[in-house]
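The model shown is predicted, which means the values in this text are computed figures rather than measured ones. Within every chain, numbering begins at 1; the chains are lettered A, B, ... in the order of the sequence lines, protein sequences first and strands thereafter.
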Protein chains: 2
Amino acid sequence: MLATLKDVARLAGVSVKTVSNVVNGYSFVKPDNRRRVEAALEATGYRPNLGARNLRRGRTGFIALVLPELSIPYFAELAGLVIAAAQEHEWNVLIEQTFGTLSGERLALASLGPHLVDAAILSPEALQADDFQLSVPAVLLGEHAVDVPISRVGIDNVAASMAAVRHLISLGRTRIAAIGAHPQRGTAALRLEGYRAALAEAGLDFDPSFVVPALNYHRADGAAAMKSLLDMRNPPDAVFCFNDLLAIGAMRAAAERFVRVPRDLAIVGFDNNEESVYSSPSLTSIAPDKAAIASAAVDLLHARAGSPDLVLDDVQTPFSLLVRESTVVR
Amino acid sequence: MLATLKDVARLAGVSVKTVSNVVNGYSFVKPDNRRRVEAALEATGYRPNLGARNLRRGRTGFIALVLPELSIPYFAELAGLVIAAAQEHEWNVLIEQTFGTLSGERLALASLGPHLVDAAILSPEALQADDFQLSVPAVLLGEHAVDVPISRVGIDNVAASMAAVRHLISLGRTRIAAIGAHPQRGTAALRLEGYRAALAEAGLDFDPSFVVPALNYHRADGAAAMKSLLDMRNPPDAVFCFNDLLAIGAMRAAAERFVRVPRDLAIVGFDNNEESVYSSPSLTSIAPDKAAIASAAVDLLHARAGSPDLVLDDVQTPFSLLVRESTVVR
DNA sequence: TTGAAAGCGCTAACAT
DNA sequence: ATGTTAGCGCTTTCAA
């Protein structure tokens, strides 16, 4: 078995307290004792039992990251960055997948007691306001449709969407569609708002038939939406997709119909997945600073940790528009 | 604060043992008591403290999943499946990213004491044989160059690679290159072996200049490798890439040089990322059964859990070749 | 400065 | 069938 504090103490001929002090770098330990303890530590290969330590300290050493699915590139990337950011605060990350369903999200939230995690980072899609009965500090990633008293971290979705659509307008496109409308999702509502604002600003008419909903934000949904747009009597000459996956699907559908991108159809995505840099054509996309989102969320939770004050933060992280081949004719 | 077993016991007017029995579904509890306990459980909203339970049970409730990077689609997908599989055994998953470096992998292994996790699933790339001083049951994903006494789960890399190259040969291709050779990686060696075996079987010459190494298996590496192949005086008419990311990069490089895929160049990948279904052209790929890999790994660990017997398993999971546009001319 | 001992919340002998 | 109690490994008063 593994050496415990007691084993080390016995070997060093001191009390567990002294060993504990050395291990935790506390107070002043008599140099002589310190040396003996360190030798014993080395000899036994002592490693603290985090479970026991956390039980005693009244913390768990974990934060939860609740997200739809790791197979979605955006969340996979984000998860990697959250894990890295959490490490700075000696936190381990527990990933819970909800698959974007209400029941999945409720299940995940229910399992989030203070006995399991110290805090949680949430990326919900279907949750209702009264579902948020959290018993641990939490932060929401991206805006949410319902108004809940939880701090948020994310980019300015309206501004980002306006930037995307303005770019299409600056290219001379006038029949601009949007893919990804969703009745429940807050981010969808905001991106739609940005889309409409950019159109209005340019004096372009808003055509409801150019707004295509998407139940999910997967590639298949983007392809299906694009097909429906291409079936129109008077199809669009540009599309703003609410994420890159939808855009990739849209590009695939366009290719299958021999619609040339960007010549016949310009496409902009959102998220800037690595995949979008290598697609043919490469995809113009809104690039949120994911590392900034991850570390802002973790830092905010860390600050909240001890003090359950009720200050609500709304951290806005930067974004940029990366112009690639899907919008600019070579 | 949260209700403890003791609180519930006091409220129900029974001992903690009885409550514990009810909570854990143990033995026979007098119906009357059971009802009272359940009422108290409900009233207090009791949730067991997993940390305390695991401390007492001498387990941690966690398994580690050590992988290069979550931003690599294959590992992101796998991680999602491992999390799901682990849930069946009441395990939570701790993801450690190594970024494929020796130091990163050593660091991850070092942190893997039995006080932290009950077991570990490893996907190492650089580790040496003598690094494997594990103190918990572990399973290796995919073969490894060095021969270590750890059970493995994965597909038959030689057979899968042969299937990929045979497919190219059956298409009439004769100048078949390979991208992804790597001196340290076991899987790379096996895939190369399958490549050579398929060539030999068909009586095709093995041309070392057609084997391009890749330091990493990212899209950028595939693009660079492809460029070097296209620079040859007599370039290949087909490429077998050791993973989909390399293949996606290769397709991108081909497109930039106006090399038509599959007409001028057929491309096969390995992993069957979702991304490969939607690329243009879509990518023919070897599709390992990732769910089978994930559950086989977790099940194996679960079986090992109590009994530290030294039986070495080598579980072979199924794979298939999915033929898509990157190899078949429409 | 260090030791003794209590106790975090839970489970499992052991006793009844 | 249920209560009592020890103790998992650790941190932390409280004394000395």
Side-chain angles (χ1 to χ4, degrees), chain A residues 1-38 40-41 44-62 90 113-118 135-136 306, chain B residues 1-38 40-41 44-62 90 92 113-118 135-136 305-306:
Chain A
M1 254 326 264
L2 221 60
T4 72
L5 262 196
K6 206 152 71 174
D7 299 328
V8 179
R10 197 177 322 117
L11 186 62
V14 297
S15 78
V16 289
K17 176 72 202 307
T18 305
V19 181
S20 178
N21 281 344
V22 171
V23 169
N24 293 290
Y26 280 165
S27 70
F28 290 37
V29 179
K30 206 156 34 178
D32 184 41
N33 278 345
R34 176 178 295 276
R35 228 176 305 110
R36 297 235 301 289
V37 169
E38 276 164 354
L41 246 20
T44 55
Y46 173 79
R47 311 275 287 135
N49 180 320
L50 272 352
R53 170 181 291 175
N54 291 329
L55 172 59
R56 179 60 235 230
R57 282 188 179 161
R59 69 188 292 257
T60 70
F62 290 93
E90 295 192 295
H115 50 285
L116 219 209
V117 296
D118 298 326
S135 50
V136 295
Chain B
M1 255 324 266
L2 222 59
T4 73
L5 262 197
K6 207 152 72 174
D7 299 329
V8 179
R10 196 179 320 115
L11 186 61
V14 298
S15 78
V16 289
K17 176 71 202 308
T18 304
V19 181
S20 178
N21 282 345
V22 171
V23 169
N24 293 289
Y26 281 165
S27 70
F28 289 38
V29 178
K30 206 158 30 178
D32 184 43
N33 278 343
R34 177 179 294 277
R35 228 177 303 111
R36 298 233 302 287
V37 170
E38 275 164 354
L41 246 21
T44 55
Y46 173 79
R47 310 276 286 137
N49 180 319
L50 272 354
R53 170 181 290 175
N54 291 328
L55 172 59
R56 178 60 237 226
R57 283 190 177 158
R59 68 190 291 261
T60 68
F62 290 93
E90 295 191 295
N92 275 115
H115 49 285
L116 219 209
V117 295
D118 298 326
S135 50
V136 294

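- The distance from atom CG of L116(A) to atom P of dC10(C) is 13 Å, rounded to the nearest whole Å.
- When the side-chain nitrogen and oxygen atoms of T4(A) are compared with OP1 and OP2 of dG9(D), none of them lie within a distance under 4.0 Å.
- R56(A) has its CZ atom 16 Å from the P atom of dC8(D), to the nearest Å.
- The distance between atom CZ of R10(A) and atom C1' of dG9(D), rounded to the nearest whole Å, is 13 Å.
- In this structure, CG of N21(A) is placed 12 Å from P of dT13(D), rounded to the nearest angstrom.
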Kindly indicate, with the supporting measurements, whether the criterion side-chain hydrogen bond (donor to acceptor under 3.5 Å, both in side chains) is fulfilled by T60(B) and N54(B). CA-CA 5 Å; T60(B) 68; N54(B) 291 328; over 6 Å; no

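- The shortest distance between the side-chain N/O atoms of S20(A) and the OP1/OP2 oxygens of dT11(D) is below 4.0 Å.
- A straight line from CZ of R59(A) to C1' of dT11(D) spans 13 Å, rounded to a whole angstrom.
- Using a 4.5 Å heavy-atom threshold, the side chains of N49(A) and R53(A) count as separate.
- Residue T18(B) places no side-chain N or O under 4.0 Å from the OP1 or OP2 atom of dT2(D).
- N54(B) comes within contact range of no nucleotide atom at all, as no heavy-atom separation falls under 4.0 Å.
- Picking from dG3(D), dT11(D), dG9(C) the nucleotide with the shortest atom distance to the side chain of N49(B) gives dG9(C).
- For K17(B), taking side-chain heavy atoms from C-beta onward, the closest of the listed nucleotides dA13(C), dT11(D), dG9(D) is dA13(C).
- Of the two residues contacting DNA chain C, namely V19(A) and R57(B), the nearest-nucleotide position lying further toward the 5' end is that of V19(A).
- In this entry the distance linking NZ of K6(B) with C1' of dC8(C) reads 10 Å, nearest Å.
- For N33(B), whose side chain is taken as the heavy atoms from C-beta onward, the closest listed nucleotide among dT12(D), dT2(C), dT2(D) is dT2(D).
- Of the candidates dC8(D), dC10(D), dC10(C), dC8(D) carries the atom nearest the L55(B) side chain, counting heavy atoms from C-beta on.
- Listed here is the closest heavy atom pair of E90(B) and R59(B): O-NH2, 3.7 Å.
- Separating the CG atom of L5(B) from the P atom of dT5(D) is a distance of 17 Å, rounded to the nearest angstrom.
- Here dG9(D) is the nucleotide among dG3(D), dG9(C), dG9(D) with the atom lying nearest to any side-chain atom of A52(A).
- At least one donor-acceptor pair under 3.5 Å links the side chain of T44(B) to the backbone N or O of A40(B).
- Residue R53(B) places no side-chain N or O under 4.0 Å from the OP1 or OP2 atom of dG9(C).
- N24(B) comes within 4.0 angstrom of the backbone, heavy atoms only, and of no base.
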Step by step, work out the side-chain contact (heavy atoms from CB on, under 4.5 Å) result for L41(B) and V23(B). CA-CA 9 Å; L41(B) 246 21; V23(B) 169; 4.2 Å; yes

